[in-house]
A.B. asks: 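Take a look at this one; I'll ask things after.
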Amino acid sequence: MLPRILWQRLFGWPSDTTSEPVGLSPVPRTPTTSVSPEDPVPALTDGETDVWLTEWQVEEDGFDVVVGEHITWTLYESDQPWIDLILAVPRTVPLQRDTDDHERSEDELSTRRDLRGVVTRIDQVSVRFVSSERRGYAAPEPRAGQQHSVSSLSNRRPHHGDVAGWIVRVRS
């Protein structure tokens, strides 16, 4: 908003606004939500397995799952080296839900298996992406990913960086 005197000099007639000129006070900022420390992950019990869900597939498909839900999923061997790269606290996640099975090789398709059970836990995995040696390419900050327990994929918690995926614990 222009001060009245400047408005009159620029446009030749008085402004119809009654407000005073804007002061030099700082722009009000929305407070940033603090991020809680990573949640501890309990050990697997008999009949439980952890499954990786990739965030871009969850987003693309509008997929959601909640703790307590009965599921039947087709799964494949997970990309454990990727999970090892991003997680600050190591965790074995043997399987992943992949909706792009038509892009899998014969070897990858041979790891296919079905899993039925109840979702007992969901962990949101977030990581910061940093510049890599390859120009224009961002890579996850190694072993800096955080896990925060949530009740569903749509119930996101404050986090650093970007949500990279989800680890869903299923009891069969």
A.B. asks: Quick one, Thr49 and Pro94 - any side-chain contact, counting heavy atoms below 4.5 Å?
C.D. replies: yes
A.B. asks: Are side-chain heavy atoms of Leu87 and Ile167 found at a separation under 4.5 Å?
C.D. replies: yes
A.B. asks: Which other residues end up in the same hydrophobic cluster as Val89, if Ile, Leu, Val, Met, Phe, Trp and Tyr are linked when side-chain heavy atoms come under 4.5 Å apart?
C.D. replies: none
A.B. asks: To the nearest 0.5 Å, what is the distance between CZ on Arg97 and OH on Tyr76?
C.D. replies: 11.0 Å
A.B. asks: Does any N or O in the side chain of Gln147 come within less than 3.5 Å of the main-chain N or O of Glu38, such that one atom is a donor and the other an acceptor?
C.D. replies: no
A.B. asks: How many angstroms lie between atom CD of Gln124 and atom OG of Ser151, to the nearest 0.5 angstrom?
C.D. replies: 11.0 Å
A.B. asks: Looking at every heavy atom in both Val127 and Ala144, which two are closest together, and how far apart are they?
C.D. replies: CG2-C, 4.5 Å
A.B. asks: Hydrophobic clusters join Ile, Leu, Val, Met, Phe, Trp and Tyr when side-chain heavy atoms are under 4.5 Å apart, directly or via other members; which others share one with Phe63?
C.D. replies: Val51, Leu53, Val58, Val65, Val67, Ile71, Trp73, Leu75, Leu95, Leu115, Val119, Ile122, Val150, Leu153, Val163, Trp166, Val168, Val170
A.B. asks: Show every salt bridge (charged side-chain N to carboxylate O under 4.0 Å, His left out) that has at least one partner inside residues 116-128, sequence neighbours left out.
C.D. replies: Arg91-Asp123, Arg121-Asp123
A.B. asks: Below 4.5 Å, heavy atoms only, C-beta onward: do Trp52 and Val125 meet side chain to side chain?
C.D. replies: yes
A.B. asks: What heavy-atom pair brings Ser36 and Arg157 nearest, and what distance separates the two atoms?
C.D. replies: OG-NH2, 2.7 Å
A.B. asks: Apply the hydrophobic cluster definition, ILVMFWY joined by side-chain contacts under 4.5 Å directly or through others, and give me every member besides Trp56.
C.D. replies: none
A.B. asks: Once rounded to the nearest 0.5 Å, what's the spacing between atom CD of Gln146 and atom NE2 of His159?
C.D. replies: 10.0 Å
A.B. asks: Transitive ILVMFWY cluster of Val66 at side-chain heavy atoms under 4.5 Å: who else is in it?
C.D. replies: none
A.B. asks: Would you mind listing every salt bridge (charged side-chain N to carboxylate O under 4.0 Å, His left out) that reaches into residues 142-152, with sequence neighbours excluded?
C.D. replies: none
A.B. asks: Which atom pair, heavy atoms only, marks the closest approach of Pro140 to Phe129?
C.D. replies: N-CD2, 3.5 Å
A.B. asks: To the nearest 0.5 Å, how far apart are NE2 in His160 and CD in Glu141?
C.D. replies: 10.5 Å
A.B. asks: Distance check, rounded to the nearest 0.5 Å: Glu60 atom CD versus Thr54 atom OG1?
C.D. replies: 11.0 Å
A.B. asks: I'd like to know if Trp82 and Val93 are part of one continuous hydrophobic network [Ile/Leu/Val/Met/Phe/Trp/Tyr, side-chain heavy atoms within less than 4.5 Å].
C.D. replies: yes
A.B. asks: Kindly indicate, with the supporting measurements, whether the criterion side chain to side chain donor-acceptor pair (under 3.5 Å) is fulfilled by Asp64 and Ser154.
C.D. replies: CA-CA 6 Å; Asp64 197 12; Ser154 60; 3.0 Å; yes
